[in-house]
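Working notes, structure below.
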Amino acid sequence: MKAADERADVLVIGAGASGAAVAWKLAGAGISVVCLEQGDWVDARAYPHWQADWELHRSTDWSPEPNVRRLAQDYPVNDQASVISPLMYNAVGGSTIHWSAHFPRFRPSDFRVRSLDGVADDWPIDYATLEPYFDLNDQMMGVAGITGDPAYPPKSPRQTPPIPLDTLGLTIAGGFDRLGWHWWPSDSAILTRDYDGRRACVNCGPCDLGCPIGAKASTDITYWPKALASGARLVTRARVREITLGPDGLADGVVYYDGEGREHAQKARAVVLAANGIGTPRLLLNSRSTRFPEGLANHSGLVGRNLMFHPYAMARGVFDKPLGGHRGPIGCSIISQEFYETDLSRGFVRGYSFQVARGLSPIASANGGSVGDRVPWGREHRRAYAERFDRTITVAVIGEDLPEPENRVDLDPTLTDSNGIPAPRVSYRLSENSRRMLDHGLARAREVLQAAGAHDVAFNPLLRAGGWHLMGTARMGRDPATSVVDGEGRCHDVPNLYIVDGSVMVTSAGVNPTSTIQAVALHVADGMIRRRR
Amino acid sequence: MTRDLLASVLETLVPPGEGFPESGALALDHVLAMADAPAEAGALLSQALEAIEEAARDGDVSEDLLRRVERSHPEAFDALVRHTYDGFYTHPATITRLGLEPGPVQPRGHRIESAPFPDLGRVAGRGPIFRRA
């Protein structure tokens, strides 16, 4: 085994949304930071947008599912016991490479679920604590939007104006207006004007395949250049096998494999895990020792438990006019939080958001998009395709997923990655509360689509390939018996081991989590800096 | 399977007409390439083509014949339809007929005509809809 030359102040594992933010913040404070990332930099010229067959790549080498993509830097995930497939991307930038950059924040009530609604647990931190980090993160990522949304406390000015709604967005907004429901242009981490050395979006469409011009925020182009300029060191194609402990019981570094399979050791005074809600528990469970026979920092037995996705249900309406849905960022149009807060008369606790995406590209139209009802082949094909292409609006219901210990990540007894490291196994079922929530959302989605003019509405009651958000598997809390990390991201059992990715989230809220994950990461980094002084 | 027979299959799946080009010509190369792919999809696709070839010994391909194969080999037939759609709806001739500009989406992107932003006053006028915690 090769030992690295220097002991770093802080070793960060994972260069995605949260790892990049932490590395930037710490390096800017003069702390020596080394980050190990199992993927590599994505070359802007490698994105499929430069090829005529770009759409084909969505189901092959640019699939969000690692089990489909199967690139060298990916690890397999056994998801046979899960009704939702986990999605992720392994590269500098992590899953911000292929996210759609929908960028809402959690709301104040999301941090007080136990106090307000008697379910799950309160977070040990609150919205007010995170607010300055939300603002800082918005500046770093660059957010298009407009202030004044009554669904949130007042926010700082957005960095650029909102993404244009175009015909599709205006059509569905009309539906919300007719019903008197809340809607607002999405906060999106996509620039509509040049900002911070980055170009504005040219509305090419498939943000889910990455952004080759840097208009969409991914941390390889936002945080990392600044982190590196501040002295952080980033090692790519470095897959961590385990976190090691010193004789004092503190984390003292990691063992990792380089791209050629050679084993290395990297020592550090503190270790930060930023490997996502599946990769982080996997690594902790793979880091067993006599001191931690059930996995590192797992005296609570909660590492890997309480896995939360956001269950998505999809409703698609067909309209009798072209909607121009191929123009503009695919995932970002408008959001509605009309049914976000708890109203027990609806038959469930907590709530959900509606997200309205753009239209479907040619192949996706043929295959039914996220609703999955493929256009029939044969004599009916031409007519059925013509009825749908560029004439559909899809409304996604994104429900708050409450934590349940049975929903979990553990280690597969036989499956391994290319380095022989045990792979994660995901067990997840949809709760009754979530089912009722999604059913309520689909019924309301039908109403809004019809109010907007849709003449035919179809549903997908649960999107299987919808596990974008990986949360809860090393939850934050004050009590070491019921949580893995404290309110500043420190593991109760190993106080110089920190976790900053979605694993620490106590609850999932009913919105996309990246903005909040990054705000938490910046908050944790600030605590590390403060304690070092 | 011969190219002619496969072309007949593809044109039965996605019939030409209404100004759309013939799928037999447009999707053929893609489907053949996918049938040769080493992954599971390639094996499934080959299975579908073999089943159709067996069923169409006299050389005639009809919708009824394909529906029988779809019933007897649902997973393999699903792969055939998917790859046919992939090939057909990626081809520049199809893209053009759909009214879109064929080719890469970068660097050209798409132009969105500027339009007045809708009045958000009604929505904002409701006042806060979040719970203070």
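We name chains A, B, ... by the order of the sequence lines, and we start the count at 1 in each one.
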#### Entry: Minimum heavy-atom distance A:H49-B:P104, with the two atoms named
O-CB, 3.2 Å

### Query
How far does OG of A:S59 sit from CZ of B:R82, to the nearest 0.5 angstrom?
6.5 Å

### Query
B:P92 versus chain A, heavy atoms under 4.5 Å apart: side chain, backbone, both or neither?
neither

### Query
Do you know which two heavy atoms are closest between A:P150 and B:G127, and how far apart they sit?
CB-O, 3.2 Å

## Note on the structure
All heavy atoms of B:Q106 vs all of A:P212, minimum pair found to be CG-CG, 3.6 Å

### Query
Distance under 6.0 Å and angle within 45° of the ring axis: does B:R126 meet both against A:W181?
no

#### Entry: Which atoms of B:H91 approach chain A - backbone, side chain, both or neither, heavy atom under 4.5 Å
neither

### Task
Give, for atom CD1 of A:I146 and atom CG of B:L120, the distance between the pair rounded to the nearest 0.5 Å.
5.5 Å

### Note, A:P362 side chain near B:T90 side chain (heavy atom, < 4.5 Å)
no

### pair A:N203-B:R111: side-chain heavy atoms closer than 4.5 Å
no

### Query
Which answer fits A:S365, side chain, backbone, both or neither, if we ask what part of it has an atom under 4.5 Å from a heavy atom of chain B?
neither

#### Entry: Under 4.5 Å from any heavy atom of chain A - which part of B:E18
side chain

### Query
Among B:T12, B:L100, B:I95, who wins on heavy-atom pairs under 4.5 Å with chain A?
B:L100

### Query
Where does A:R379 contact chain B at under 4.5 Å (heavy atoms): side chain, backbone, both or neither?
both

### Query
Who among A:R327, A:E55, A:R112 has the most heavy-atom pairs with chain B under 4.5 Å?
A:R327

#### Entry: Contact origin within A:P161 toward chain B - heavy atom pairs under 4.5 Å
neither

### Task
Identify the two heavy atoms, one from B:I129 and one from A:A151, that lie closest to each other, and give their separation to 0.1 Å.
CG1-CA, 3.6 Å

### Summary
Max heavy-atom pairs within cutoff under 4.5 Å with chain A, candidates B:T84, B:D78, B:T94, goes to B:D78

### Structural part of A:W54 lying under 4.5 Å from a heavy atom of chain B
side chain

### Max heavy-atom pair count under 4.5 Å with chain B, selected residue of A:H381, A:R107, A:Q51, A:R382
A:R382

#### Entry: Under 4.5 Å from a heavy atom of chain B, the part of A:L170 involved
side chain

### Query
Which bit of A:A173 is near chain B, if near means a heavy-atom gap under 4.5 Å: side chain, backbone, both or neither?
neither

### Message
Would A:E341 and B:R131 count as a salt bridge (Lys or Arg N to Asp or Glu O under 4.0 Å) here? Give the steps.
### Response
CA-CA 7 Å; A:E341 302 284 3; B:R131 280 189 290 179; 3.0 Å; yes

### Task
Side chain from CB out, backbone as N, CA, C, O: work out which of these in A:P48 comes under 4.5 Å of a heavy atom of chain B, or both, or neither.
neither

#### Entry: Trace of the side chain to side chain contact (heavy atoms under 4.5 Å, CB included) decision for B:R122 with A:D177
CA-CA 8 Å; B:R122 178 199 67 78; A:D177 276 338; 2.7 Å; yes

### Message
At a 4.5 Å cut-off on heavy atoms, which part of B:P102 comes close to chain A: side chain, backbone, both, or neither?
### Response
neither

### Task
Please report the closest heavy-atom contact between B:Y85 and A:N367, naming both atoms and the distance.
CD2-OD1, 3.6 Å

### Task
Specify whether B:H110 and A:H326 have parallel, tilted or perpendicular ring planes, treating 30° as the upper limit for parallel and 60° as the lower limit for perpendicular.
perpendicular

### Summary
Honestly, the part of A:I363 sitting under 4.5 Å from a heavy atom of chain B is both

#### Entry: Greatest number of heavy atom pairs closer than 4.5 Å to chain B - which of A:P322, A:G180, A:G328, A:C201
A:G180

### Query
Is the distance between the ring centroids of A:Y385 and B:Y89 under 6.0 Å?
yes

### Message
Would B:E113 and A:D166 count as a side chain to side chain contact (heavy atoms under 4.5 Å, CB included) here? Give the steps.
### Response
CA-CA 8 Å; B:E113 298 297 332; A:D166 207 0; over 6 Å; no

### Message
If only side-chain N and O atoms count, and only distance matters, is there a donor-acceptor pair under 3.5 Å linking A:W377 with B:E70?
### Response
yes

### Summary
So, the part of A:Y152 with a heavy atom under 4.5 Å from chain B: the answer is backbone

#### Entry: Heavy-atom contact with chain B under 4.5 Å, split by part of A:D53
both

### Task
Heavy atoms only: give me the nearest B:F130-A:P108 pair and the separation to one decimal.
CD1-CG, 4.2 Å

